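See structure below.
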Amino acid sequence: MSEKPIIMVKGLSKSYNLNNERIPALRNVSLEVKQGEFIAIAGPSGSGKSTLLHLLGGIDTPDTGQILVNLKDLTVMSEKNRAIYRRFDVGFIFQSFSLIPVLSAFENVEYSLLLKKLKEGEREVMVREALKSVGLEGLESRRPNQMSGGQQQRVAVARAMVGNPAFILADEPTANLDTRTGIDLIDLMKRVNERQGVTFIFSTHDPKIISRAGRVYYLEDGSLKDKTV
Amino acid sequence: MLIRLAWRNIWRNTRRSLITLSAISFGLTVLIFLWGFGDGAHERMVENFISISVGHLQIHTSGYLRSEDPSLTIPQWREKVERLQGFPEVYSVSPRIRSHALVATPTQSSGVLLSGVLPDTEIKVTRLLEFISKGRFLSPEPKGEVVIGEDFARFLNVSIGERIVILTQGFNGSLASGSYEVAGLFRSGVPEIDRGQIFLHLKTVQELLSMPDEVHELTIRLKSSSQLEDTRFAMSRVFPSAEYEIQTWIDLSPMVVQWIELDNIILYIILLVVTIIVSIGIMNAMLMTVFERFKEFGILRAMGTMPHEILLMILLEAAMLTLLGTIAGIIMGFGLDRFYGWHGINLSEYSHAFANFYSGTVIYTHVSVKHLLQSAGIVFIAGILSSIYPAIKAVRLQPVEAIRYV
Ligand SMILES: Nc1ncnc2c1ncn2[C@@H]1O[C@H](COP(=O)(O)OP(=O)(O)O)[C@@H](O)[C@H]1O
Ligand SMILES: [Mg+2]
């Protein structure tokens, strides 16, 4: 599984301004992710997991440090180019309620391909395939409010993976699910990872979830602790 | 997809959208109806005004209207009338002689405007025949008859069959007088005409004034009011401006148009008010929906949706909402306009102030296309413009902030 790294992060730091106080969220974080890995970012609440994922996803910019994705330097990209980067290279899965409520499961997944400017015929095939691989065949026309939390998250997985992004970021995707459903979701992600070679980086503070990861980065107060394999 | 998204988002909060929709459509309905009322009344007013006496166009020898010099006549008028009849827009032409005169009976006397007309053509140009309330109109051949206003007859204390004496200055400057039999009385509703104008046969007046077979004025009625300026222009080639003046009823009575414009100002103010209400309604609805969907916009942005696409989505949503309201407003407003355009609104029971002699007591609503489109267009554009601010709010949003607590 270990080939060339698709993500290289060096000396990443980020702090927030809160009432004129600087709150460090990430301190000098360096890491590497290889194609096809299944990586957990673990750490207690407030340790900087979301901040790290947002930086990797190009939704936010660091104070210092470098993020190379397929040798493209995110930190020097214009806002517009970061949007294009997010469109094509990143798949996002959020905690919950991240689907567009007025769109069906099919359309939610399709939206991701619309952004990638794919033609209708291609979209149709890819969306059906993606929904099938997350086990939601037959629920294509359901609206989010007609699905359970677990089903909604699976639509989110399908939406993130469709159109083959370089990697998928999932910020505590199981936080709002019960234990069983959460583990099922991670197992589903793991299957997608193994069968289709999609790279996953997900954050969590749940030990049962962490144990499913191929590799884990531990964050504490914004710093990486010795990594465990 | 953007259209689908916008459309579905409208129905996401059905109640709010319906309230917004009804505000737009109701405002527009009322507006269109009021325009229909105003336009209908004005149309009738102009129509009446034209057909009571002025006609659409009048031709005089240059300088006549200013000086009222009776010697400024139109020679060879028969030939000219014939040429005017040749214009496809012309319905009829009435040649007239005008003269100031004094009318006397044994007990009373009064100054009047004396009109010499050809009965056959005059009744095609004006509604004088309709206004005859007692007796009859002038005979086609000159028989020494006169037709006067009913009010005037009462003032003079004469009735049908009796005679009145007319004194005026003849063509050569000498005093001219004659005695004429009152053949009929009329009531037009316009005081200046009912009290101040009398009608005789053209020939009768020519004899009274000992003038040649010439006239002062050619009054023209067109088939429709819409070709006024074009027709005037076409006629100016036959009646060169060095010798003749061609005037439209608007030139002759600018007051009428000014009156209509003054009336319309009130409607434009109502348009403004409706527009402001619609704008506030749309802005409020769009602000609410934008604030509710902050997180959603954050996710869309995170996925790589461009700010301008979000902007477009919101504007599209507002445009659809406003368009729906506008269409509903047009349908209801126009329906109401056509309904009351057919049945009329009888105002006589409510107030005599409405019983304007030019517009009558029954108003037939008839909104002009211009005012209909203008109102609908302005409301529609206002709807879109007022969603720009909410849309910008959504665009300004930073995706990180919005999804922070997802
Ligand atoms: N917008 C912000 N303003 C101020 N402080 C923030 C902001 N976002 C995050 N932080 C702080 O940064 C730290 C890391 O937060 P976060 O990355 O959300 O951690 P995690 O996802 O591991 O819970 C926390 O101390 C948090 O309070
Ligand atoms: Mg977090």
Side-chain angles (χ1 to χ4, degrees), chain A residues 14 16 25 50-51 53-55 57-61 79-104 106-118 120 123 143-145 156 159-160 162-163 165 169-173 175-176, chain B residues 1-18 20 285-286 288-321 324 392 394-406:
Chain A
K14 171 85 182 174
Y16 294 102
S50 294
T51 305
L53 293 191
H54 291 162
L55 291 177
I59 334 182
D60 209 352
T61 48
E79 197 157 326
K80 190 180 168 207
N81 282 335
R82 273 192 285 121
I84 293 170
Y85 159 76
R86 296 198 296 266
R87 223 174 241 221
F88 290 97
D89 294 338
V90 193
F92 285 97
I93 301 169
F94 301 96
Q95 252 180 47
S96 59
F97 307 116
S98 67
L99 302 179
I100 309 303
V102 295
L103 298 183
S104 67
F106 185 95
E107 290 164 335
N108 262 287
V109 179
E110 189 186 15
Y111 186 84
S112 173
L113 294 179
L114 274 163
L115 287 173
K116 297 181 173 84
K117 309 267 186 268
L118 267 73
E120 189 170 354
R123 293 201 306 260
R143 294 278 179 94
N145 62 5
R159 178 175 71 177
V162 78
L169 295 174
D171 195 3
E172 305 204 36
N176 278 304
Chain B
M1 180 71 122
L2 268 184
I3 293 176
R4 208 184 320 164
L5 255 176
W7 176 255
R8 290 202 195 150
N9 277 321
I10 291 177
W11 302 112
R12 192 169 179 165
N13 193 326
T14 315
R15 189 165 50 142
R16 183 164 63 212
S17 293
L18 284 181
T20 313
M286 292 313 290
M288 288 211 280
T289 170
V290 162
F291 281 132
E292 279 170 11
R293 275 147 64 191
F294 253 30
K295 192 180 101 179
E296 196 174 312
F297 293 132
I299 286 160
L300 290 175
R301 287 286 299 281
M303 289 174 67
T305 309
M306 297 293 179
H308 72 260
E309 291 168 323
I310 304 266
L311 186 87
L312 195 65
M313 195 164 103
I314 293 164
L315 291 185
L316 213 58
E317 200 174 315
M320 281 177 168
L321 192 64
L324 275 182
I392 285 173
V395 166
R396 285 260 175 80
L397 170 87
Q398 288 303 309
V400 231
E401 316 273 310
I403 57 177
R404 180 94 246 171
Y405 301 104
V406 171

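What you see is a predicted model; the values in this text were computed from it and never measured. Throughout, protein chains are lettered first and strands after them, A, B, ... in sequence-line order, and every chain is numbered starting at 1.
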I would like to know whether B:Arg4 and A:Val102 meet side-chain contact (heavy atoms from CB on, under 4.5 Å); could you show each step before the answer?
CA-CA 9 Å; B:Arg4 208 184 320 164; A:Val102 295; over 6 Å; no
By salt bridge (charged side-chain N to carboxylate O under 4.0 Å, His left out), which residues pair with B:Arg12, not counting sequence neighbours?
B:Glu296
Measure the shortest side-chain to side-chain distance between B:Ile403 and A:Phe92 over non-hydrogen atoms and say whether it is less than 4.5 angstrom.
no
Hey, could you give me the CZ/CD distance between B:Arg301 and A:Glu79, rounded to the nearest 0.5 Å?
6.5 Å
Distance-minimising heavy-atom pair for A:Phe97 and B:Ile299:
O-CD1, 4.1 Å
In terms of heavy-atom contacts, does CG of B:Leu18 have more than 12 from other residues, nucleotides or ligands at under 6.0 Å?
yes
Between A:Arg159 and chain B, which part of the residue has a heavy atom less than 4.5 Å away: side chain, backbone, both or neither?
side chain
Between A:Leu115 and chain B, which part of the residue has a heavy atom less than 4.5 Å away: side chain, backbone, both or neither?
side chain
Nearest-0.5 Å distance, CZ of residue A:Arg143 to CZ of residue B:Arg8:
5.0 Å
Can you check whether B:Met303's main-chain N or O pairs, donor with acceptor, with A:Arg86's side chain at less than 3.5 Å?
no
Smallest separation among heavy atoms of A:Ile59 and B:Ala302, with atom names
CD1-CB, 4.1 Å
Within this structure, what is the CG-CG distance for the pair B:Leu5 and A:Leu103, rounded to the nearest 0.5 Å?
4.5 Å
Structural part of A:Phe88 lying under 4.5 Å from a heavy atom of chain B:
neither
Do other residues, nucleotides or ligands put more than 12 heavy atoms under 6.0 Å from A:Lys117 NZ?
yes
Taking every heavy atom of B:Thr305 against every heavy atom of A:Arg87, the minimum-distance pair comes out as CA-NH2, 4.1 Å
Could you look at A:Leu114 and say if it's the side chain, the backbone, both or neither that has a heavy atom under 4.5 Å from chain B?
side chain
So what's closer than 4.5 Å to chain B heavy atoms on A:Lys116: side chain, backbone, both or neither?
neither
Which residue out of B:Glu309, B:Gln398, B:Arg293 racks up the most heavy-atom pairs below 4.5 Å with chain A?
B:Glu309
Which residue out of A:Gly57, A:Gly91, A:Pro101 racks up the most heavy-atom pairs below 4.5 Å with chain B?
A:Pro101
Grab the two heavy atoms, one from A:Ser96 and one from B:Lys295, that are nearest each other, plus how far apart they are.
O-NZ, 3.8 Å
